[in-house]
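The sequence lines fix the lettering, A, B, ..., with proteins before strands; numbering per chain opens at 1.
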2 protein chains.
Amino acid sequence: MKFQEFVSAHGVPISRAAGEHLFRQGDADQSLYIVKNGLLKAYYLSSEGKENIKSFIMPGDNIGSLVAAYANLKCSFSLICLRDSELIKVDFKAIYEASQHNLEIASTVVDFLLAFAMKKERREFELLCLSAEDRYRLLLENMPSITDLVTQNEIALYLGITPVGLSRIKKRVQSAI
Amino acid sequence: MKFQEFVSAHGVPISRAAGEHLFRQGDADQSLYIVKNGLLKAYYLSSEGKENIKSFIMPGDNIGSLVAAYANLKCSFSLICLRDSELIKVDFKAIYEASQHNLEIASTVVDFLLAFAMKKERREFELLCLSAEDRYRLLLENMPSITDLVTQNEIALYLGITPVGLSRIKKRVQSAI
DNA sequence: TTGCGCTTTTAACCCGGGTTAATTCCAGCC
DNA sequence: GGCTGGAATTAACCCGGGTTAAAAGCGCAA
């Protein structure tokens, strides 16, 4: 059985309006969500109410809380729709078990996890090694459409700075052209 | 065939003295290294010569450049021994291909990648959401022995700050007890 | 014991980004 | 056109950590 067939058989289509959550930090959601269309953001909320954006999720992307799905812990972040979105919800444990009995599915899962790991490693590099300004330049380079999709506030929280800080950086970057 | 058997059959034992590299940023090393004993560090070097430490690698850990091994690119970081170390070197492509034909190996690879992804996600969280001081406190909590294993310079570069900055943080943390 | 080299601390100054609050911009709506 | 409310900019001040350089601490070997 192929992964696609598995998803067709076990996945549940979900529609959510902009502003609605799929799950919140602290929930025990063990699903993997496959985004068909729309736009979502995954974000952390500190105990003091500070938001940090982990990632933006586009059509074709997958998202879910690994520690909740695999380690049976609570979700470490929240997932909310920025636009009306349609997704397929699949129970992660079911995928995991299927991968233990089916080579084709296991291969897909391996490829998926390798791509995921490389993406995380890239973000780790950017956060560890680059200044906020460099991260901003890089984001513009890799995802020029981002400025049309989300507010500057959200870009700032993704970069790990405040909207005020980003405004200053923009000014510097502009005048450097 | 089990993963262990695969490693025994295809792995090559390697010994390196402290200070020696396993590979350098820019190399095309497609190996996975399994650490038997010793201590290593994975680090990025910027074009201006600034070092940032990606991780410390302890006995039992695995390390290798994903983008080099899986995406056929150059290693994005360097790997050097901090102590005399013994490791097993396994060709990643061979593991990957074995996982496509053998369910037991694929399952081990899936578990390995899941654990790896959770680790990366955790580091992403720390770098995105926590201050240098909080990251230092957390490191002491999770790995109290680290202060005996590496210099303060290296702890600082792991946290993403300078040794001078870490010295100040230490002073603050001390006096807060 | 002295001296050498390396690590760590301290000091002085700098700068990027945080914070708060005022201001400007802009879209939608009457 | 004139309001209104949210987004973005600007300003003023603060603070954490960077930078540079000097001082102190600490093995270790002669």
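Judged by distance alone, with hydrogens and angles left aside, B:Arg172 brings no side-chain donor or acceptor close enough to the base of D:dG16 to form a pair under 3.5 Å.
Between the CG atom of B:Leu166 and the P atom of C:dT10 there is a distance of 12 Å, given to the nearest Å. In this structure, A:Ile161 atom CD1 and C:dG18 atom C1' are separated by 11 Å, rounded to whole Å. Atoms CG (B:Leu130) and C1' (D:dG16) sit 15 Å apart, rounded to a whole Å. The CG-P distance, from B:Asp148 to D:dG27, rounds to 13 Å in whole Å. In this structure, B:Lys170 atom NZ and C:dT10 atom C1' are separated by 14 Å, rounded to whole Å. Rounded to an integer number of Å, the gap from A:Asp134 CG to C:dG17 C1' is 14 Å. Summarising the geometry, the separation between CD on B:Gln152 and P on D:dC26 is reported as 13 Å, rounded to the nearest angstrom. Counting to the nearest Å, the P atom of C:dG17 and the CG atom of B:Leu128 are 15 Å from each other.
OP1 and OP2 of C:dT9 both lie 4.0 Å or more from every side-chain N or O belonging to B:Lys171. When the side-chain nitrogen and oxygen atoms of A:Thr162 are compared with OP1 and OP2 of C:dG17, none of them lie within a distance under 4.0 Å. Taking side-chain N and O atoms only, A:Lys50 has a distance below 4.0 Å to OP1 or OP2 of C:dT19.
Ring-plane geometry between A:Phe56 and A:Tyr158 is classed as tilted, the angle between the planes lying from 30 to 60 degrees on a 0 to 90 degree scale. Aromatic ring pairs are classed by plane angle as parallel below 30°, tilted from 30° to 60° and perpendicular above 60°; the pair B:Tyr44 and B:Phe77 is perpendicular.
Across A:Ile161, A:Leu149, A:Ile146, a single residue satisfies side chain to side chain contact (heavy atoms under 4.5 Å, CB included) together with A:Ile155, and that is A:Ile146.
Within 6.0 Å of the NE2 atom in A:His101, the count of heavy atoms belonging to other residues, nucleotides or ligands does not exceed 12. Remark: B:Lys93 NZ is packed, more than 12 non-hydrogen atoms of other residues, nucleotides or ligands lying under 6.0 Å away.
Within the 4.0 angstrom heavy-atom criterion, only backbone atoms of the sugar-phosphate kind lie near A:Ile169; the bases stay farther away. Looking at heavy-atom distances under 4.0 Å, B:Thr151 makes contact with sugar-phosphate atoms alone, never a base.
Comparing B:Arg168 and B:Asn153, the nucleotide of DNA chain C nearest to each residue sits closer to the 5' end for B:Asn153.
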